[in-house]
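Order of appearance sets the numbers: ligands from 1, and atoms from 1 within every ligand.
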Amino acid sequence: MSEQEYRIEHDSMGDVRVPASAKWRAQTQRAVENFPVSGQRISRAHIAALARIKAAAATVNAKLGVLDGDVAAAIAEAAGEVARGDWDNQFPLDVFQTGSGTSSNMNTNEVLASLASERLGRPVHPNDHVNASQSSNDVFPSSIHVAATQGIVHELVPALDHLAVSLERKATAFAGVVKSGRTHLMDATPVTLGQEFGGYAAAVRLGIERLNAALPRVGELPLGGTAVGTGINTPPGFSAAVIAELAATTGLPLTEARNHFEAQASRDGLVEASGVLRVIAISLYKISNDLRWASSGPRAGLGEIRLPDLQPGSSIMPGKVNPVIPEAVCQVVAQVVGNDAAVAFGGSAGNFELNVMLPVIARNVLESIHILSTISRLFADRCIDGIAADEERCRRYAESSPSIVTPLNKYIGYEEAAKVAKQSLAEEKTIREVVLERGYIQAGKLTEAELDAALDVLSMTHP
Ligand SMILES: O=C(O)C[C@H](O)C(=O)O
């Protein structure tokens, strides 16, 4: 950096050269130089959550006599701008940094101090003012919980609901489309396509139920515990007041930790949430894979359904169209499962009073929430909504499944029914043809009307 391009900033370790135009100061600059690891910055949602915490802390610090009102107001206003995204370019730090997130906490403190100083026309200190009554150890984990709660409530649950509605519409539309069930990938007794889509919708709704069940613990914040959970350097009542302020300003279901030592040292609520995200991902994988198989073909596959044509599939095979959205869903699932493994590993890094893998936990939980949200909407809008059934083929498969012999067990017994099934396959005849040929009606085992009723594939789906 030339002399015109930098200014000298100072921290407790000495002087640091900082880019002249940067709002950040010495500690952020040290971290920029110490952690050029991945090029991935902490996410927009996470920066916003940090800023909202700083705004709430400033407001409560003023109420409790820790900060002058004008200083607190300047910090809170600056934090509002950061939360809106006006200063994202002032958050240059890599995800892979100090395990407590101290570097990003200080980045937030320094940027807000600079912005608040400019507003006030007098110095605002990053530690003494912006970080007053706080430590990275309560602020940074709280910011992950706030961002995760925000993402679950405002992004993921609505997106999953959107997907469930889309699947439910198809469940209704396909209620009368009878097809062969498959177990072990082999022909089984009939189901309707509507029953299958109803099952998919229910899996997505159960995912929402699981998220809502985990939310109270995701929304439990260690804020106010400061360095080790005791709340050292806070005025009385700070924790409850700052969390109430944050809940009011964000409109999110945030509560004070029931036990500040648990909440300070463990990130179990986030490990739990990540596990739920993995369950949701696995549900989406099952649905996507079923759709890929059911739409396989168009000539040499199952071809029971058609997915909307979105783009040419092949650079070499003209006219080929591929199930690109389900493939994208499956890759999101792979990422979420991988993220969950990283979160679980990170969650195990709680040593005594602090977990020291917080930024990587944040990165993975927040990414999983985001990519599950976006893919759920794309899945609904660009795939599920446009699915059409090949009713004729579905019925043909259902009627040709040897397993439709199953309702005849009660008339001719399992062993005779197995012979019918095997003969029908070996001689490429229908079950009905074989039953007639083997003389069960003449032997008085069942009437022709009973045979017709027993072999009605649609009624087999609603026994
Ligand atoms: O940054 C802080 O507030 C505390 C730090 O994480 C530490 O415990 O050393």
Side-chain angles (χ1 to χ4, degrees), residues 9-14 16 24-35 37 41-42 46-47 49-58 60-61 66-67 75 79 82 90-114 124-147 221-235 238-239 242-243 246 256-257 259-267 270 346-363:
E9 286 283 348
H10 178 86
D11 66 10
S12 58
M13 281 190 166
V16 179
W24 71 77
R25 300 186 185 180
Q27 293 205 31
T28 305
Q29 186 60 32
R30 289 187 196 280
V32 166
E33 288 159 23
N34 284 338
F35 309 116
V37 182
R41 299 178 176 196
I42 72 166
H46 196 173
I47 294 168
L50 279 165
R52 291 196 175 100
I53 289 174
K54 296 293 167 184
V60 172
N61 274 326
V66 176
L67 289 181
I75 295 170
V82 169
Q90 297 300 315
F91 291 82
L93 298 186
D94 206 278
V95 165
F96 299 94
Q97 52 166 274
T98 170
S100 57
T102 295
S103 298
S104 285
N105 181 38
M106 280 310 300
N107 185 182
T108 313
N109 291 334
E110 290 181 344
V111 170
L112 294 180
S114 297
V124 173
H125 196 279
N127 299 82
D128 295 335
H129 298 126
V130 186
N131 201 52
S133 314
Q134 304 150 66
S135 161
S136 310
N137 299 356
D138 62 338
V139 165
F140 197 79
S142 295
S143 67
I144 312 173
H145 286 253
V146 171
L221 305 185
L223 197 56
T226 62
V228 294
T230 56
I232 192 166
N233 282 8
T234 59
F238 180 80
S239 182
V242 73
I243 291 167
L246 194 56
E256 184 179 355
N259 183 302
H260 271 278
F261 300 97
E262 184 279 334
Q264 189 88 13
S266 303
R267 298 276 54 86
L270 294 173
S348 68
N351 308 129
F352 298 107
E353 275 63 64
L354 184 66
N355 178 294
V356 286
M357 292 209 195
L358 295 174
V360 80
I361 291 175
R363 183 226 169 273

May I ask you to decide if Arg30's main-chain N or O and Glu33's side chain share a donor-acceptor pair within less than 3.5 Å?
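It does not hold such a pair.
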So does Ser103 get a backbone contact from the side chain of Asn107, meaning a donor-acceptor N/O pair under 3.5 Å?
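Looks like no, no N/O pair under 3.5 Å.
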Does CG in Asp128 sit with more than 12 non-hydrogen atoms of other residues, nucleotides or ligands closer than 6.0 Å?
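Counting neighbours around CG of Asp128, more than 12 heavy atoms of other residues, nucleotides or ligands fall under 6.0 Å, so yes.
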Can the ring centroids of Phe140 and His46 be said to lie less than 6.0 angstrom from one another?
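Under 6.0 Å, so yes.
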Rounded at 0.5 Å granularity, tell me how far CD1 in Ile47 sits from CD in Gln90.
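One gets 10.5 Å once the value is rounded to the nearest 0.5 Å.
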Distances only, to 0.1 Å: what are the N or O pairs between ligand 1 and the protein that fall under 3.5 Å?
unit_1	atom_1	unit_2	atom_2	d
ligand 1	1 (O)	Thr102	OG1	2.8
ligand 1	1 (O)	Ser136	OG	2.6
ligand 1	3 (O)	Ser135	OG	2.7
ligand 1	3 (O)	Ser136	N	2.8
ligand 1	3 (O)	Ser136	OG	3.4
ligand 1	6 (O)	Ser100	OG	3.2
ligand 1	6 (O)	Thr102	OG1	3.1
ligand 1	6 (O)	Asn137	OD1	2.6
ligand 1	8 (O)	Asn137	ND2	2.9

Start with the C-alpha gap between Thr234 and Ser133, add the side-chain angles, then the distance that decides, and say whether side chain to side chain donor-acceptor pair (under 3.5 Å) holds.
CA-CA 5 Å; Thr234 59; Ser133 314; over 6 Å; no
